[in-house]
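Before any comments, here is the structure.
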Number of protein chains: 2
Amino acid sequence: MLKTKFTTPQIYNDLHMQLVTAQIPQGTKLRSEHLRDRYDCSANTIREVLFRLASAELVVFEEQRGFRAQPADRERLHHLTTFRVLLEQEGAATSIQKGGLEWEAQLSAAHHKLSHIEGRIDEARFDVAVLRLWSLAELEFHDTLISACGSPFLRSNYRRTYDQFRQQKIMQPDYGFHPENALEHQSIIDAALARDEPGCKRAIYEHMKRNLRDGGASGEHAP
Amino acid sequence: MLKTKFTTPQIYNDLHMQLVTAQIPQGTKLRSEHLRDRYDCSANTIREVLFRLASAELVVFEEQRGFRAQPADRERLHHLTTFRVLLEQEGAATSIQKGGLEWEAQLSAAHHKLSHIEGRIDEARFDVAVLRLWSLAELEFHDTLISACGSPFLRSNYRRTYDQFRQQKIMQPDYGFHPENALEHQSIIDAALARDEPGCKRAIYEHMKRNLRDGGASGEHAP
DNA sequence: ATTTCCAAAAATTTCGAAATTTTTTGGAAT
DNA sequence: ATTCCAAAAAATTTCGAAATTTTTGGAAAT
């Protein structure tokens, strides 16, 4: 294998990407020695990167016991989903109130990109490169949706939660792309552009409920 | 000065405490060399602790430029407040729905401790030891209030936000203890125990609005 | 007086190895 | 066969110093 010299931020980005696209399997122990070899740097540099990933909660750190990738856990996915629903409903509702033409335009653009990728996703459903593109486009769409809410902490906490959600979602043994997804995104943007707050909240809940413990049967966080 | 040997977690706790009680002034540069001297350990150990504090956002890290304590910033306090209001209103409302007798009992206990401390706070308003006790008791009260919401992520994100809020609040040049505080806490617990969701949300907003940009004049996040 | 440049000083980051701790292994006693 | 314990192996954490980068301070030029 070819060793290339990486800078610390590059190592961080590379590992982050691998974690949220499940190229590093659930619960894998992340040994400094192995990674040190892969990235051609000292154990200390790896340790530093792993600490940063632990702060993003993509990696679990235990004193004197090292680091491991977050294990796959349906319960965790459920809780990440309820929290995402809360933040996105609030962020979207406020954006609908406050957002202007610029927001609408950015939202259209993000949705256009996303639906273009979703349109040809069955051709290469499990291609890692496509998965990466789709993942970025999906995040951009949801982030743009809440981007006019005026609360930087809502956005940064949403972002952190989204990454953890994505990591869990992709790690689930029965993971697969749902074609309904594209329709659900359409419902969300339709309601948002129509300035329909309750409708948008409902569409967000409908989009995410399949990740809840009971598949959303209880309607617990429905608006 | 006496040098005592600290373990890494002790260094973390000590610095964390100093940061949220403003014993380390706003924007202070945190040099490895200086702290390394204070805690009698290597620069690397300090670096590790500072990374963890940066992940709690009490400390700002900039590549090649080191660490500094978060600067005092009214705008930041405003945004932390709106986010706290969102999480606490949601967490309290859900706890009111789901919480049982155990929750009520814990809430009473936390409020009792808090009001006992608040009762004698003017005697020693700026005593650091009292401030520390009060700060812990206030956090415990608010955390207990939302503790029956069933969402571990809501709680952990609230906790992170609270610490940042406390750091900002205490750093503000005009910081002082408000006697109304005790009454506001009373209103919150009264509404919570009466299972009055809208009332509790209103009380939470009233409790925090003085930290908003305009002192809450616009009523933006009122329920 | 202001700006630009350069060298010295100071701070941060990275390194390789030593010290510590956890985990595994293998043998003796129950 | 099972449990317990000690020794070996493996992994993590800490260290002191070297390498890199930023900051500082003063001299030269505008």
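Please read these numbers as outputs of a predicted model, since none were measured by experiment. Convention: sequence-line order gives letters A, B, ...; per-chain numbering from 1.
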Point to revise | Atom pair distance, as rounded to whole Å: CG in A:N44 and P in C:dA18 | key: 15 Å
Review point. With respect to A:D143, which candidate in A:R155, A:R159, A:R84 satisfies the salt bridge (charged side-chain N to carboxylate O under 4.0 Å, His left out) definition?
Key: A:R155
Check your understanding: Is there side-chain contact between A:F165 and A:F83, with at least one heavy-atom pair below 4.5 Å?
Key -> no
Exercise for review: May I ask you to verify if any side-chain N or O of B:K29 is less than 4.0 angstrom from the OP1 or OP2 atom of C:dA11?
Suggested key: no
**Study point:** Nucleotide nearest B:R47 (side chain, heavy atoms from C-beta), chosen from C:dA11, D:dG16, C:dT13
**Key:** C:dT13
Practice item. Could you say whether A:T45 or A:E63 is positioned toward the 5' end of DNA chain C, judged by the nucleotide with the nearest heavy atom to each? Key: A:T45
Exercise for review: Report the nucleotide, chosen from C:dT12, C:dG16, C:dT21, that has the shortest atom-to-atom distance to any side-chain atom of A:Q64.
Suggested key: C:dT21
Exercise for review: Kindly say if B:S32 contacts the phosphate of C:dA11, meaning a side-chain N or O under 4.0 Å from OP1 or OP2.
Suggested key: no
**Study point:** Short N-O contact, B:E138 and B:K169, less than 4.0 angstrom
**Key:** no
Review point. So, A:E57 and B:R160, do they make that salt bridge, N to O below 4.0 Å?
Key: yes
**Study point:** Nearest listed nucleotide, side chain of A:R65, among D:dT21, C:dT22, C:dC15
**Key:** C:dT22
Exercise for review: Rounded off to whole Å, could you give me the CZ-to-P distance for the B:R31 and D:dT24 pair?
Suggested key: 10 Å
Revision key, fill the gap. Side-chain atoms of A:F67 come closest, of D:dT21, D:dT13, C:dT14, to D:dT13
